[in-house]
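The next block holds one structure in the form of structure tokens; read it before the comments.
Fair warning: this is a prediction, and the values are worked out from it, not measured in the lab. Proteins come first, then strands; the chains are lettered A, B, ... in the order of their sequence lines, and each starts at number 1.
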Amino acid sequence: MATDLLSDFEARGLVHQSTDAAALRAWLASPGRRVYAGFDPTADSLHVGHLVALVLLRRVAAAGHEPVALVGGATGMIGDPSGRSEERNLLSPTELAANVAAVERQIRGILESAGQRVHVVNNGDWMRGVGYLEFLRDVGKHVPLSQMIAKDSVKSRLERDGGLSYTEFSYMLLQAWDFVHLSDALDCRLQIGGSDQWGNITAGIDLGRRLRSRELHGITCPLLTKSDGTKMGKTASGAIWLDPKRTSPYRFYQYWINLDDDDAGRCLRRLTEASPQEWIALDDARTTNPAARETQKRLAEELTRLVHGESGLTAAQAATAIFFGAEIAGLDDAQLAEIFADVPSCEFPRSSLDGEGLALIDALVRTNLAATNSKARQTIQQGGAYVNNRRMSDVGHRLTPADLAGGSTLVLRSGKKSYAVVRFTPGA
RNA sequence: GGGGAGUUUCCCGAGCGGUCAAAGGGGCUUGACUGUAAAUCAAGUGGCUCUGCCUUCGCAGGUUCGAAUCCUGCACUCCCCA
């Protein structure tokens, strides 16, 4: 299975374009080859869109090769025009440095468990010392302008009103040089990227041939899109990030659980280590019993474990059980805080529970679960109000210490999915 | 410049003196069903100290026991003729 990486990629639908397949196969036949993919540090976290490349590198490792992850500390200074319709805003050097560090950490976290040596490199390290004139003489001289202009990424931008700046135009040279540099330093001869990277990758291959008479290889994988045409990893509320501070493990898990069947089947192949036998079994399960969502569960489990670890997966599953009706009991404040990390919270003085207690209607309004007292009353009457996931149908109910779930927290819910965490703090 | 029509609750749109918090549709909310989907069905949809009370029908006045409904003025929109 691990013998022919390229066939594995092809079977999983991961190959969009590739350079000479026979030559590539031959090169990959010996173990210990180094294969690289680049990551631009445009934010302090990677997102779901980067998973394809990360998982690909893991597969490279599983096949007995060494993954090389390049973080664009230098290229990030400039911004890749590929797949972009407008000029990028430049990041400040401090921001960039922070992003590079964060992204490097994430990459290591995901790749290092794959069982091979992992190289995480930053092109800032070799670009910083290179002078402009030197670069123009050593690299620029060998890249024909006609080819640069012919690249889709450049052409489409030139045809637009905004055009593109000389800076972004030069991006390609930097990435091309990265590839040549890595082939010098690590004997890395294969670069993998998204389909929008084809132009940049081939620029590197050309440069390698001109400067070193070396044969370099490239593979692009199709960009992940969902069957509804939207980009993978984007939701109405924004991107799905790998950083738990940006996207909680629960939401990450849910994202995969909620994929529709076609997308799930595709993602199973591209993003998980599932074997062909498993795909077939799961495809079958999906047609005979779609309700079980076995494919989605398999996806969600593997990816959540990969990104957030075993504890993240456990937390996400616990949260899932609760968000879908399980009564909230026997959890402490810390666990509640973790599960409901994405949920708006609201604080009340502890004393409001004393004596008469706090009217449920008030609590619903104060937590914005209901717009007015009337709406709150209606919600309760219609059976849409829950305290700790237990339906409350008494309009006059008052919250007392008996309603607390954790030591000082309780969870209100309106309808199926609007939650609010209420914390009662000692204060006045 | 002259003549006509209109402005209703989140949106569209009925209502033309009391039975109007205002038909109907859309949207939204809740419930049932379901695959945490879609469709479907049901209920709700001005506010409140809620079997009652208060505030809404372009704005300001007026007539009337009583006005979204009639009258006057103002603002805005649209149509037709010049």
Identify whether any heavy atom of [X] sits under 4.0 Å from a base atom; if not, whether one sits that close to sugar-phosphate; answer base, sugar-phosphate or nothing.
X        : result
A:Asp261 : base
A:Ser414 : sugar-phosphate
A:Arg286 : nothing
A:Lys416 : base
A:Gln381 : nothing

Rounded to whole angstrom units, what separation is found between the [atom1] atom of [X] and the [atom2] atom of [N]?
X        : N     : atom1 : atom2 : answer
A:Asp263 : B:A37 : CG    : C1'   : 12 Å
A:Asn373 : B:C54 : CG    : P     : 19 Å
A:Asp362 : B:U49 : CG    : C1'   : 11 Å
A:Leu364 : B:C48 : CG    : P     : 13 Å
A:Phe323 : B:U36 : CZ    : C1'   : 12 Å
A:Phe324 : B:U34 : CZ    : P     : 16 Å
A:Ile361 : B:U49 : CD1   : C1'   : 11 Å
A:Met392 : B:U30 : CE    : C1'   : 18 Å

With [atom1] as the reference atom in both, quote the distance from [N] to [M] in angstrom, rounded to an integer.
N     : M     : atom1 : result
B:U64 : B:C71 : P     : 15 Å
B:A21 : B:C16 : P     : 15 Å
B:C57 : B:A23 : C1'   : 14 Å
B:A14 : B:A22 : C1'   : 10 Å
B:U9  : B:C78 : C1'   : 23 Å
B:A42 : B:U55 : C1'   : 31 Å
B:U56 : B:G4  : P     : 32 Å
B:U19 : B:G66 : P     : 14 Å

Is [N] paired to anything, Watson-Crick or G-U wobble with both distances less than 3.5 Å, and if yes, which nucleotide?
N     : value
B:G52 : B:C48
B:A60 : B:U72
B:G1  : B:C81
B:A22 : none
B:G66 : none
B:C41 : B:G31
B:U36 : none

- prompt: Is the phosphate of B:U36, meaning OP1 or OP2, less than 4.0 Å from a side-chain N or O of A:Tyr253?
  reply: no
- prompt: Is there a side-chain polar atom (N or O) of A:Lys417 under 4.0 Å from OP1 or OP2 of B:A37?
  reply: yes
Ring center gap for A:Tyr419 and A:Tyr386 short of 6.0 angstrom: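 They do not qualify: ring centres at least 6.0 Å apart.
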query: When you measure from the side chain of A:Arg391, which nucleotide among B:U36, B:U30, B:A32 comes out closest?
result: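 Output: B:A32.
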Nucleotide of B:C48, B:G35, B:G31 approaching A:Ser374 most closely (side-chain heavy atoms): B:C48
task: Classify the side-chain pair A:Gln17/A:Ser195 by whether it contains a donor and acceptor separated by less than 3.5 Å.
output: no
query: Will you find, in the side chains of A:Gln197 and A:Gln191, an N or O donor that is under 3.5 Å from an N or O acceptor?
result: no
field: 5'-most by nearest nucleotide on RNA chain B - A:Gly384 or A:Lys375
entry: A:Gly384
- prompt: Relative to the 5' end of RNA chain B, which residue comes earlier, A:Thr320 or A:Tyr386, by the nucleotide with the nearest heavy atom?
  reply: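 Nearest nucleotide further toward 5': that of A:Tyr386.
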- prompt: How long is the span from the CG atom in A:Asp403 to the NE2 atom in A:His397, to the nearest 0.5 Å?
  reply: 3.5 Å
message: Under 3.5 Å, is there any donor-acceptor pair linking the side chain of A:Gln378 to the base of B:U29?
response: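 Such a pair does not exist between side chain and base.
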query: Given A:Ile219, which of A:Leu190, A:Leu56, A:Ile201 fulfils the side-chain contact (heavy atoms from CB on, under 4.5 Å) condition?
result: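 When A:Leu190, A:Leu56, A:Ile201 are each tested with A:Ile219, the side-chain contact (heavy atoms from CB on, under 4.5 Å) holds only for A:Leu190.
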query: Can we say A:Asp8 and A:Arg12 salt-bridge, meaning some charged N sits less than 4.0 Å from an Asp/Glu carboxylate O?
result: yes
message: Assess whether a salt bridge exists between A:Arg305 and A:Glu310, defined as any Lys/Arg side-chain N lying under 4.0 Å from an Asp/Glu carboxylate O.
response: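 A:Glu310 and A:Arg305: salt-bridged.
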- prompt: So, do A:Asp80 and A:Thr75 sit near enough that their side-chain heavy atoms are less than 4.5 Å apart?
  reply: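 They are not in contact (no side-chain heavy atoms under 4.5 Å apart), so the answer is no.
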